[in-house]
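Here is the naming used below: chain letters follow the sequence lines, and residue numbers restart at 1 for every chain.
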Amino acid sequence: MTLRVENLTCWRGKQALFDRLSFTLEPKKLLLVEGSNGCGKTTLLKILAGLRPPTSGLVTWQQTPLDAMTEEYNTHLKWLGHDNGMSRHLSVIENLRINANLFACEAKGIETVLHQIGLKPFQDTLVKHLSAGMKRRLALARLMLGHSSLWILDEPQTSLDKAGVALFESLTSEFLDQGGSVVIASHQPLGIAPNYIQRLNLSACH
Amino acid sequence: MADFSFFILMQREFKIASRSVQQFLLPISFFSLVVLLFPLGLNPSPQLLQTIAPGILWVAALLAILLSLDNLFREDYEDGFLELLVLSPRPLALLLAGKVAGQWLIIILPLLLIASLFGIFLGLPNHSLGTLLISLLIGTPCLMLIGAIAAALTVGLQQSSVLITLLLLPLYLPVLIFGSSAVQHASTGLSSNPQLYMLSSLLILTLTLAPLAMSAAIKISLSQ
Amino acid sequence: MMITHYLHKIASPAAFYLFCGRCLPWLIALFFIVLALGLYGGLVTAPADYQQGDAFRIIYVHVPAAWMSLFIYLVMAINAAVALIWRIKISEVIVVSSAYIGASFTFLALVTGSLWGKPMWGTWWTWDARLTSELVLLFLYFSIIALYNAYEDKRVASKAISILALVGVINIPIIHYSVVWWNTLHQGATVTKLDKPSIHIDMLIPLLEMAFAFNLYYLISLMQRARNEILKREFNSLWVKKLCQESSNE
Amino acid sequence: MNEFLTMGGYGFYIWTAYGVSFLVLAVDALVNRLQQRKTLQNLAQFHQTQHNPTNILDEH
């Protein structure tokens, strides 16, 4: 389940975000993408997820290029963007049920997931009434639904409180132990065992 | 347990609609207001109204659907749910088709009731009301599906409602022409079958092609 | 896989840029020759029409413009399909560049159509099937141009208008025949159809020459705009830098 | 020469039609030319400041 990137280049307007970037992400590894604001972290993550084509370069998952097998790649991938992906008019439990349905995994997992992230008491409140931290926890809960082997997370710890960050770190380490690989774009320090971490600094390649 | 992709988003639309009722009352009230304008704008003599009634009802239905298109994908785009749909293992075309079908089912029932009511107000003979309802039943899904393509193309842009109107009016013409002339023929006692057959062939064409174009358009809008 | 490889090789932006640069002067010269021939044929040698007198000479501008407006939309749709399926940059650029010329030809067809209608039927605008579908075609072009300008990232914009062009090209025959059907339904035979009169050979030759001249003009304008668009998209390639240095120290 | 101009009474319509056609084509050519010059100027100015252009391979 290796993700390989070969001389990836991306331009935004008149400015090169990154240029001839190459790396591989092995299972049980966490790629930490660092860099100043606006240096293209989100764009890189979108390219890795297949949401956006690069200007040039190739991204392959198990030796097959991304755009050749999007739906198969999506079964392994879990994506977390800036916005949480939870629709505001639905309650917590309904959102989780829809996401479980989308990723075709069994519904009974929802109860344990709800319990794990501590949103059990807020099960029936609408998402628009939740605080930003709770919305982020709900988005993190989605990562645990069903099985996946690649997480791509864009600043996952934003608006999380201390307990939330600790929860997130335990989740990620557990996922890494099971052989998953993770790509994270973040500023805050990450409390994960350094042997997992593989750093990539985007501001360096200007 | 996993449902058929088509119905996942349809149920979701019903739940959302049940919570924010305002969202689907808007097209209906817009429809009635537009129809109300014409008798006030022109003189309310029955003969004049009867001849132009089919055109008024169909143009009003078209504009009501055009209005409801802007926030078809807007909220999901802002919530980030569209990204999840694109990155889910299920076929995107079917998911989006389910979503548009949900929106259509929510709008169509009240629209048919109000349209027949205003049909009577505008003096349409009773036997042509049936054709009016059938033509709306066949025509409005066409409008929704073609409109969804334009909505998908413009979801990432700022003031997209003007752009959607410009994109859609040329594409809406065939449906409007056959729809209103079906009702016109029925009100003058002629058979309106040819128009209804044409409308259903347009419906089948859009049913097959529109979801593909929609999913390609959504992927492009999200790749900005 | 061979075709796409071949397409990529010849359709590389640099090769296309140089190719257009080389044949533009020839095309411009040929355009003026054919235009002069067509005009001379149309305005001078062609005999006056027994019904319309000299007014029919407007067809030498109206009919080629109408043909071009439809032809350009088809070229755009084909390039849109190629751009979306094989992701070839040149096709994207051609779609973008053809939109403006197509819109101007459609506008031309409309103006000359109504100018021709005035002496014939005494009104500037008749809801004739062809003029109406020409007007709708004009709005189709406007919607493509508006959508293109609404996006900031021009690569994404050209993919978006490729989809719109494909949706549009499927709708063009539908719109045309529904307008024709609508027209015959309401107007019936009262308005003589704006059909080309059964054309005499002396009249036909200049018409074909003018059509060829308009085609040449489309090629010229397309190439110029495409080269311009390529420069904007490839602004940081090496060949563009060399080009700028050459042009700056000229 | 005179009857050539009046075109059997329809002179106004014919010459306006031809005039508008060549006006539109001329404007289109002019706009092309202006945009070409503007792009080349921008690029020349851009490449003055930019020292090392990356060579984006010209594949698709």
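In this structure, the portion of B:L202 lying under 4.5 Å from any heavy atom of chain C is its side chain and not its backbone. With a 4.5 angstrom heavy-atom cutoff, B:L163 touches chain C only via side-chain atoms. In this structure, chain B has a heavy atom under 4.5 Å from the side chain of C:I170, while its backbone stays farther away. Only the side chain of C:I163 comes within contact range of chain B, with heavy atoms under 4.5 Å apart. Of the two parts of B:I149, only the side chain, counted from C-beta on, holds a non-hydrogen atom closer than 4.5 Å to a non-hydrogen atom of chain C.
B:L171 CG to C:I175 CD1: the interatomic distance, rounded to the nearest 0.5 Å, is 6.0 Å. To the nearest 0.5 Å, atom CG of residue B:L167 and atom CD1 of residue C:I161 are 11.0 Å apart.
Counting heavy atoms of neighbouring residues, nucleotides and ligands inside a 6.0 Å radius, atom CZ of B:F30 exceeds 12 of them.
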Quiz prompt | Derivation of the side chain to side chain contact (heavy atoms under 4.5 Å, CB included) call for C:I174 and B:L205 | solution = CA-CA 11 Å; C:I174 300 174; B:L205 180 72; 3.5 Å; yes
Please report all inter-chain donor-acceptor pairs (under 3.5 Å) between chain B and chain C, with distances to 0.1 Å.
residue : atom : partner : partner atom : Å
B:L153  : O    : C:Y151  : OH           : 2.4

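Here the side chains of C:V167 and B:L209 are not in contact, with every heavy-atom distance at 4.5 Å or above.
Every residue was checked against the side-chain hydrogen bond (donor to acceptor under 3.5 Å, both in side chains) condition with B:Q50, not counting sequence neighbours, and none meets it. Scanning for side chain to side chain contact (heavy atoms under 4.5 Å, CB included) contacts around B:L85 gives A:L102, B:L9, B:F81, B:L82, B:L92, B:L95, B:L96, with sequence neighbours left out.
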Could you give the side-chain donor-acceptor pairs of residues 119-126 of chain B under 3.5 Å, partners two or more places apart or in another chain?
none

